Each structure stands twice: as C-alpha cells, then as structure tokens.
Amino acid sequence: MEMNRARKMYDYHVWANQQVFQNLKQLPDGVYGDTIKSVFPSIKEVLVHLYATDFTWLEIIMKGSTIQDTFKKVEQRRKEVDGVSISELESSYDELAKDYDDFFTSQPDLERTIVTEHPKMGVCKFVLADLIHHVVNHGTYHRGNVSAMLHQQGERGVPTDYVFYCLK
C-alpha cells in the first residue's frame, strides 16, 4: 500500500506513543500511577483514555461496528487494561496499532466518505482520512497532558513533535 498522508500521520501517532512509554518506563515507580491533582487523576488514566478512544474510533467508524456493540467492547477493554503495568498497557497499544495496520492494509481508499450514526448527533458523514487525522490530533492533545503532568511531578516529558518523527 502506498504511504499516504493519513497513514503517515497514524504511523507518527504510534511512534509518539512509543516515545511516551519509553520515557515513562525510565522514571521512578509511582510516576505512572500515582494520583495527582491535574486534568486526569493519573498518567495511567490519560493513557487508558487514549487507548479506549483509539479503540472506539477503529471499531465504530473504521470497522462499522454499532455504537452499542462498541461500547460493550470498550468497557471490556477498559477493564482489561485497568490496573495493568505500564509494560502491559504498552503491549495493548502495540496490539491496537497492529489492528489499525490491518485496517489500513484492507482499505483501497482512505479518502472515501463513511456514514455512521451517533446517539446524540444522529447520522454523521466523515472522510476516513479526516478521522485518522482526528485520532492523531486527539493523541497529540493527551500526550501534552502527560507532559504537563510529568512536569507537575518534577519529571521531564519527551519530545514527540512531528518534526522529530520525520528526522528519525
């Protein structure tokens, strides 16, 4: 499959998440899971939220699952990753990235319009590539949360800007 911009941005998203995990695994015990007063109760909670949201987009929008089925699957996934170690959560992220890769491989046209129904917004039409960019933007936002929360704890974040991905 030719590397298009949406796919390249998703690959950046995976790389940036990996940078965050590598950084967190080098920090003192507790930084990942300790409760702090911030936008999320812990860094772990940010990462679980990001994982669950990435899973949601893949299931509903990209695989066409119903909202009801997806919510059940998301709750199950949340239960599976709640309380796991940082390495185990990282493995869950890796598996999800493989699922996205399988999805991309099966798609002849990432510029196609897809239709889904949202319980509050009704019928929604999206260009698939735009949704992929949304997944990446959502991840960028929450990686910023992680960086800010690390600073609150006296630790350093890790650079995950797109330019660093391009230079690797």
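Everything quoted here is computed from the prediction, not taken from an experiment. All heavy atoms count here, side chains included; hydrogens, waters and symmetry mates do not.
- Shown here are the side-chain contact (heavy atoms from CB on, under 4.5 Å) partners of D69, two or more places apart in sequence or in another chain: T66.
- Within the cation-pi definition used here (under 6.0 Å to the ring centroid, within 45° of the axis), R5 does not qualify as a partner of Y12.
- Minimum interatomic distance between H151 and G157 (heavy atoms only, all atoms of both residues): NE2-N, 4.1 Å.
- Ion pairing between E95 and K98 holds under the 4.0 Å rule for side-chain N and carboxylate O.
- One side chain, S65 or E59, offers a donor N or O that lies under 3.5 Å from an acceptor on the other.
- Within 6.0 Å of CG on D109 lie more than 12 heavy atoms contributed by other residues, nucleotides or ligands.
- Grouping the Ile, Leu, Val, Met, Phe, Trp and Tyr side chains by contacts below 4.5 angstrom, directly or via other members, places V84 with L27.
- For D161 (side chain) and F164 (main-chain N/O), no donor-acceptor pair under 3.5 Å exists by modelled atom type.
- Heavy atoms only, all atoms of each residue included: S42 and G33 are closest at CB-O, 3.7 Å.
- Of the inter-residue distances, the one linking K25 atom NZ with I86 atom CD1 reads 7.5 Å to the nearest 0.5 angstrom.
- With rounding to the nearest 0.5 Å, the separation of OG1 in T140 from CG in L50 is 9.5 Å.
- For the residue pair E88 / S91, no side-chain donor-acceptor distance below 3.5 Å is found, with atom types taken as modelled.
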**Message:** Please determine whether side-chain contact (heavy atoms from CB on, under 4.5 Å) holds for the pair V127 and L110, giving the CA-CA distance in whole Å, both sets of side-chain angles, and the decisive distance to 0.1 Å.
**Reply:** CA-CA 8 Å; V127 173; L110 293 176; over 6 Å; no
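- Side-chain contact annotation: T160 with Q19, donor-acceptor N/O pair under 3.5 Å absent.
- In this structure, K73 and F55 approach most closely via the heavy-atom pair CB-CE2, 3.6 Å.
- You'll find the side chain of F103 reaches within 4.5 Å of the side chain of L128, heavy atoms only.
- Counting only N and O atoms by type, the side chains of Q22 and Q18 include no donor and acceptor under 3.5 Å apart.
- Side-chain contact between Y100 and V14: absent, with no pair of heavy atoms (C-beta onward) separated by less than 4.5 Å.
- Ring geometry for Y51 against Y93 counts as tilted: the plane angle lies between 30° and 60°, on a 0 to 90° scale.
- Going from atom OH of Y32 over to atom OG of S85 covers 7.0 Å, rounded to the nearest 0.5 Å.
- Salt-bridge check for K63 with D102: failed, with every basic side-chain N at 4.0 Å or more from each acidic carboxylate O.
- Side chains of C166 and V163 form no contact here, defined as non-hydrogen atoms less than 4.5 Å apart.
- For the residue pair Y10 and L96, the shortest heavy atom distance occurs at OH-O, 4.3 Å.
- The line from CD1 of I43 to CG of L150 is 4.0 Å long, rounded to the nearest 0.5 Å.
- Rounding to the nearest 0.5 Å places OG of S87 at 10.5 Å from CG of L24.
- By the criterion of side-chain heavy atoms lying less than 4.5 angstrom apart, applied directly or through intervening Ile, Leu, Val, Met, Phe, Trp or Tyr residues, I36 is grouped together with V46 in one hydrophobic cluster.
- N145 is listed as a side-chain neighbour of Y141, based on a closest heavy-atom distance under 4.5 Å.
- Distance check: E75 CD to T70 OG1 gives 12.0 Å after rounding to the nearest 0.5 Å.
- Scanning for ring-ring contact (aromatic ring centres under 6.0 Å, His included) contacts around H49 gives F40, H138, H142, with sequence neighbours left out.
- Of the charged side-chain nitrogens involved, none lies within less than 4.0 Å of a carboxylate oxygen, so that K44 and D34 do not count as a salt-bridged pair.
- Taking 4.5 Å as the limit, some side-chain heavy atom of F21 sits within range of a side-chain heavy atom of L47.
- Atom CZ of R112 has more than 12 neighbouring heavy atoms from other residues, nucleotides or ligands inside a 6.0 Å radius.
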